[in-house]
Amino acid sequence: YFETMQDDQAMECFRKSSEILPDYIQTNIHMAKIKLRHGKIKEAKQIVEDKLKKYRSDPKVLELYSFILLKDGQSKGAQYFARKLLEKDTDSVPALMIMAEVCRIKYNYPVAILYWKAVRSLSRQNAFTNLALIELYSKIKDTKMLDEEIRLLFYLKGPLELREYIRLLN
């Protein structure tokens, strides 16, 4: 149900699973992700915070909590947990993406670009990286790099219309 976005049915299954196996963290991660899909950031945060105490070093918990904090406008907290994740795995694409977004939010565009380039080196055809770099190069008025990223965007989208390609990313 989760993968097909049948969220009511998925949530019911995850609740039952959580009652039977309260220590199976993946259930809580999926429940929090469903809450996020519906814009219920505070509820997602509560689900993860309840498990964070016990699973403080679990990479999936750190990753999701960092993302939730970013969505909740708590960039300092998001950055803290993304750094914790990077201490465990320097190639964590989600943590690098969060660090890039925190830098972008703080108008530190050159550092945001460096983080997005690190993401690209690990995930070559990451469309989110491409779109983020287009925005950043536009902000710093680097037309040469902007042109390069736009060319890459058209390569990545293939035969799709741009609107359709972006819709599929969401």
Side-chain angles (χ1 to χ4, degrees), residues 1-89 91-109 111-112 115-116 118-119 122-123 126-136 139 156-157 160 162-170:
Y1 295 119
F2 180 79
E3 295 298 325
T4 59
M5 298 178 111
Q6 298 176 45
D7 291 340
D8 291 338
Q9 295 93 329
M11 191 60 94
E12 186 58 32
C13 289
F14 290 135
R15 275 194 198 104
K16 288 178 183 175
S17 174
S18 182
E19 290 170 10
I20 296 167
L21 297 167
D23 289 335
Y24 183 61
I25 191 63
Q26 201 61 38
T27 300
N28 297 88
I29 288 172
H30 280 84
M31 288 182 358
K33 286 181 177 181
I34 289 171
K35 294 294 184 183
L36 285 173
R37 278 202 282 229
H38 294 275
K40 298 179 177 179
I41 297 168
K42 300 285 186 212
E43 291 178 36
K45 186 177 175 187
Q46 188 59 53
I47 290 169
V48 177
E49 280 179 345
D50 288 345
K51 294 299 175 183
L52 188 62
K53 296 166 192 143
K54 186 171 184 179
Y55 300 97
R56 195 156 195 83
S57 63
D58 185 289
K60 292 291 181 193
V61 174
L62 292 173
E63 175 187 315
L64 184 57
Y65 193 60
S66 182
F67 179 73
I68 289 170
L69 292 174
L70 183 66
K71 296 290 272 178
D72 197 31
Q74 299 178 39
S75 58
K76 255 189 185 170
Q79 190 174 36
Y80 172 81
F81 283 98
R83 280 191 178 133
K84 297 281 268 175
L85 193 52
L86 287 169
E87 287 171 11
K88 295 175 178 307
D89 177 9
D91 291 339
S92 170
V93 170
L96 290 167
M97 291 172 81
I98 289 167
M99 293 297 290
E101 278 304 286
V102 168
C103 290
R104 184 189 63 79
I105 289 166
K106 294 180 174 183
Y107 306 104
N108 191 346
Y109 302 138
V111 176
Y115 277 116
W116 281 116
V119 171
L122 297 167
S123 180
N126 184 319
F128 292 108
T129 301
N130 178 246
L131 293 170
L133 285 169
I134 287 172
E135 178 187 0
L136 290 165
K139 288 187 181 297
L156 291 173
K157 79 169 191 64
L160 295 174
L162 187 56
R163 288 178 202 243
E164 179 66 11
Y165 176 68
I166 291 171
R167 187 187 67 73
L168 289 173
L169 294 177
N170 293 325

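The structure presented is a predicted model; accordingly, all values stated were derived computationally and were not measured.
- If you take CE on Met31 and CZ on Phe2, they are separated by 11.5 Å, rounding to the nearest 0.5 Å.
- By the 4.5 Å heavy-atom criterion applied to side chains, Asp23 and Lys54 are counted as neighbours.
- At least one side-chain heavy atom of Leu36 sits under 4.5 Å from a side-chain heavy atom of Phe67.
- When the options Asn28, Asp7, Ile47, Leu64 are evaluated for a side chain to side chain contact (heavy atoms under 4.5 Å, CB included) with Lys33, the one that passes is Leu64.
- Separation of atoms CD (Glu164) and CG (Leu162) is listed at 10.5 Å; rounding is to 0.5 Å.
- In this structure, the separation between CG on Asn130 and NZ on Lys157 is 12.0 Å, given to the nearest 0.5 Å.
- Taking Gln74 as the reference, Asp72 meet the side chain to side chain donor-acceptor pair (under 3.5 Å) condition, with sequence neighbours excluded.
- Ionic pairing of Arg104 and Glu101 is present here: one or more N-O contacts between side-chain nitrogen and carboxylate oxygen are shorter than 4.0 angstrom.
- Among residues two or more places apart in sequence or in another chain, the side-chain contact (heavy atoms from CB on, under 4.5 Å) test is passed with Gln79 by Arg83, Met99, Val102, Lys106.
- For the atom pair CG (Leu85) and CG (Leu62), the distance works out to 5.5 Å, reported to the nearest 0.5 Å.
- Each side-chain hydrogen bond (donor to acceptor under 3.5 Å, both in side chains) pair with one or both residues in residues 55-67, not counting sequence neighbours, appears once here: Glu49-Tyr65.
- We find the CG-NZ distance between Leu69 and Lys71 to be 12.5 Å, quoted to the nearest 0.5 Å.
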